[in-house]
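Note that the structure is a prediction, hence the values are computed from the model and not measured. Starting from 1, each residue takes its place in the sequence as its number. Note: hydrogens, waters and symmetry copies are ignored here, and every other heavy atom, side chains too, is used.
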Amino acid sequence: MNMMTAPIQGAYRITLASEVDRDGWRDHARRLLQAGIAPEQVTWTVEGRREAGELDLSPSAIFPEQGSDPIAPPVRISKTLLSLINTALLHSNEDRFDLAYRILYRAQSIPGLHRNPADPDMLKLNRHAKAIRRDIHKMHAFVRFRKIGDSAGREQFVAWFEPDHHITQAVAPFFRNRFTGMDWLIVTPGASIAWDGQKLSVGPGGCKDDVPQEDVIEAEWRTYYANIFNPARVKIGAMKSEMPMKYWKNLPEAELIPSLLEQAGTRVEAMVARGQEDMLFEDRMDKPAANLPTSLDQLYTLLEQQTDAPMEKFSDRLVRGIGPDHADLMIIGEQPGDQEDREGRPFVGPAGQLLDRVFEETGIDRQQTFLTNAVKRFKYTQRGKRRLHETPNVGEINYYRWWIEQEIRLVDPRLVVALGATAARSLTGKPVKISRHRGEILSGADGRSILITVHPSYLLRIPDEQGRQVEYAKFVRDLQLANQFVRQERTSR
């Protein structure tokens, strides 16, 4: 019988290089499947845990010469299943490699296995994957950096975190993209990751004592957290579910929570006595000026660290505004799209390209314009490989209202242009009929000048060419008005 298809008798223990050696697992699994080796004949382990007396099976033991048998049976693996396995393999349960291979082996004769959530193996795999996604979300939310110095003009930070699973390397690109402008090191018990402005590095794990426990920034952060803590929204069960107490010991704000909870009742009574119409934003809107962010970088950093941000259906990535710190013209869209989320910059997708075209026609310099969005993360629905835009709801728009107000305060533009209904609502706090106010220079609640128009994505959705040209011309006129207004403001002051 051909060696590649004949079952190999005996118990084989395959030793992977590390707990996160997913590439090694896939390589071994593919060869084992081609050799027809049943799951019960194989045990998976990791370097350092191999027991004496066990026979180690490497790919070369199955295939002495790689590719020597041209009739090796093909391995059929659904991309959906492979993606799910790739996530689940980061789980801390030692049986995850055995489970994943057993599922792959069964899937060769049951092609739709991954679509059966009631299957015991698939049920367990899905639970593993769900635990990983939650652990990754928690690490994104609860890592707290401590500043340790400066080098070559770059600030240096270090953080300690204790994930439940082997996710440290997997989250490295997220932190690189979010904190590109600073050097950082994140230490966990199983591994460490670092960014020096040029490359990501992975190293051995450490312990909490390896990381400074406090820096000068933490006092400011605790003050900020105490000011944004809203007693009217306190739901202790939900808070502990989203921010489990096991993370508290590493969060500088956690030491404030018991006293803030004790004061919650008194503070709510005071809010009611003041007759606040919207308690949801009372703490944020009434913060003393001394506690407001003093720069855009500080504003975005604080927003990235928020643990109560709407996350269901949203990307983890915060897309910051882009442009001069102080721009005469500020343009606010709805939310980042798929391409903006991937690149981390606003208005780089199809709508942004159309906006650039209008900028050229109207003489607006994009480099001198501040571009941002009312909602700072991409909300979407997954459809196969595609992420389809989903409009943010009123609560999600309201969540980011304070942040957009602070963005406007810091940029201090002469004119704010709201592109679409979401941006208009973010500025006014109420529904706005664009057709009624379009093409007018309005005065906002703070006295700042506002112009409301359509979002460029609206033009892209118009099906007939003639209608699209008519609306395009209107959009050009709106931005011409914006440019003329800003120029007049410059010369009159």
Side-chain angles (χ1 to χ4, degrees), residues 319-324 326-341 343 345-375 378 389 391-392 397 404 407-408 411-428 431-444 448-493:
V319 177
R320 300 184 173 200
I322 189 170
H326 299 289
D328 288 339
L329 179 61
M330 184 175 189
I331 293 182
I332 302 175
E334 179 192 82
Q335 66 170 358
D338 179 76
Q339 195 165 335
E340 286 79 6
D341 178 66
E343 296 190 26
R345 296 182 295 124
F347 292 102
V348 295
Q353 293 166 17
L354 190 150
L355 187 62
D356 285 342
R357 176 182 162 191
V358 175
F359 281 171
E360 291 182 9
E361 290 193 32
T362 57
I364 294 175
D365 185 351
R366 178 173 176 135
Q367 301 304 315
Q368 298 302 314
T369 303
F370 194 90
L371 300 170
T372 190
N373 284 292
V375 173
F378 177 38
H389 166 278
T391 303
I397 297 170
I404 197 72
E407 211 170 15
I408 293 171
V411 175
D412 194 23
R414 299 178 190 271
L415 177 67
V416 178
V417 175
L419 302 181
T422 295
R425 180 163 195 144
S426 176
L427 293 177
T428 64
V432 176
K433 192 171 183 178
I434 294 177
S435 60
R436 179 180 301 172
H437 300 286
R438 184 175 183 178
E440 302 176 31
I441 301 296
L442 307 173
S443 180
R448 195 177 300 277
S449 297
I450 298 172
L451 185 146
I452 296 173
T453 185
V454 298
H455 195 284
S457 62
Y458 162 73
L459 305 178
L460 298 175
R461 293 193 297 269
I462 298 175
D464 65 287
E465 181 63 26
Q466 184 177 358
R468 188 161 55 250
Q469 289 179 359
V470 170
E471 289 300 319
Y472 180 82
K474 291 180 181 178
F475 187 52
V476 169
R477 286 198 298 271
D478 290 340
L479 289 195
Q480 282 176 335
L481 175 61
N483 197 25
Q484 291 168 2
F485 178 85
V486 168
R487 288 179 176 177
Q488 291 171 359
E489 286 291 297
R490 286 178 188 147
T491 56
S492 63
R493 294 184 185 180

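- Pro346 and Asn373 make their closest contact through CB-ND2, 3.8 Å (heavy atoms, listed as atom of the first residue, atom of the second, distance).
- Ile441 is listed as a side-chain neighbour of Leu481, based on a closest heavy-atom distance under 4.5 Å.
- For the pair Val348 and Gln339, the tightest heavy-atom approach, listed with the atom from each and the gap, is O-NE2, 3.3 Å.
- For Asp365, there are no salt bridge (charged side-chain N to carboxylate O under 4.0 Å, His left out) partners, not counting sequence neighbours.
- Atom-to-atom distance recorded for Leu427:CG and Ile397:CD1 is 11.0 Å, nearest 0.5 angstrom.
- Counting only distance, with no hydrogens or angles, the side chain of Glu489 and the backbone of Val486 share no donor-acceptor pair below 3.5 Å.
- Side-chain atoms of Asn483 come within 3.5 Å of backbone N or O of Thr362 as a donor-acceptor pair.
- When all heavy atoms of Phe359 and Arg366 are compared, the pair lying nearest together is CD1-CB, 3.8 Å.
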For residues 453-463, tabulate all N or O donor-acceptor pairs below 3.5 Å that involve a side-chain atom, not counting sequence neighbours.
from, atom 1, to, atom 2, distance (Å)
Thr453, OG1, Asp478, OD2, 2.6
His455, ND1, Ser457, N, 3.0
His455, ND1, Ser457, OG, 2.9
Ser457, OG, Arg461, NH1, 3.4

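- In this structure, the separation between CG on Leu371 and CD1 on Ile332 is 10.5 Å, given to the nearest 0.5 Å.
- Of the N and O atoms on the side chains of Gln469 and Glu465, at least one donor lies less than 3.5 Å from an acceptor on the other residue.
- Atom-to-atom distance recorded for Met330:CE and Ile404:CD1 is 5.0 Å, nearest 0.5 angstrom.
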field: Phe347/Leu419 under side-chain contact (heavy atoms from CB on, under 4.5 Å): CA gap, chis, key distance, verdict
entry: CA-CA 12 Å; Phe347 292 102; Leu419 302 181; 3.9 Å; yes
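- Between the CZ atom of Arg320 and the OG1 atom of Thr372 there is a distance of 11.0 Å, given to the nearest 0.5 Å.
- Applying the ring pair (Phe, Tyr, Trp, His ring centres under 6.0 Å) rule to Phe370 yields no partners; only residues at least two apart in sequence or on another chain are considered.
- Contact annotation: the side chain of Ser449 never approaches that of Val416 to less than 4.5 Å [non-hydrogen atoms, C-beta and beyond].
- With rounding to the nearest 0.5 angstrom, the CD atom of Glu361 is 12.0 Å from the CG atom of Asp356.
- For Leu329 against Thr369, the heavy-atom pair with the smallest separation is O-CG2, 3.5 Å.
- The salt bridge (charged side-chain N to carboxylate O under 4.0 Å, His left out) check on Arg345 picks up Glu343, with sequence neighbours excluded.
- For Glu471, the salt bridge (charged side-chain N to carboxylate O under 4.0 Å, His left out) test picks out Arg438, Lys474, with sequence neighbours left out.
- Side-chain contact between Arg448 and Ile408: present, with at least one pair of heavy atoms (C-beta onward) separated by less than 4.5 Å.
- For Glu407, the salt bridge (charged side-chain N to carboxylate O under 4.0 Å, His left out) criterion is met by Lys376, not counting sequence neighbours.
- With contacts defined as side-chain heavy-atom distances shorter than 4.5 Å, the pair Arg425/Pro431 qualifies.
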- request: Kindly determine whether His437 and Leu442 satisfy side-chain contact (heavy atoms from CB on, under 4.5 Å), including the steps that lead there.
  value: CA-CA 8 Å; His437 300 286; Leu442 307 173; 3.9 Å; yes
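- Between Arg487 and Asp328 no salt bridge is recorded (no basic side-chain N to carboxylate O distance below 4.0 Å).
- Taking the side chain as every heavy atom from C-beta outward, Leu451 and Leu415 approach each other to under 4.5 Å.
- A donor-acceptor pair under 3.5 Å is absent between the side-chain atoms of Ser426 and the main chain of Thr422, judged by distance alone.
- Salt bridge absent: Arg357 and Glu360 never bring a charged side-chain N and a carboxylate O closer than 4.0 Å.
- Counting heavy atoms from C-beta on, the side chains of Gln335 and Phe378 come closer than 4.5 Å.
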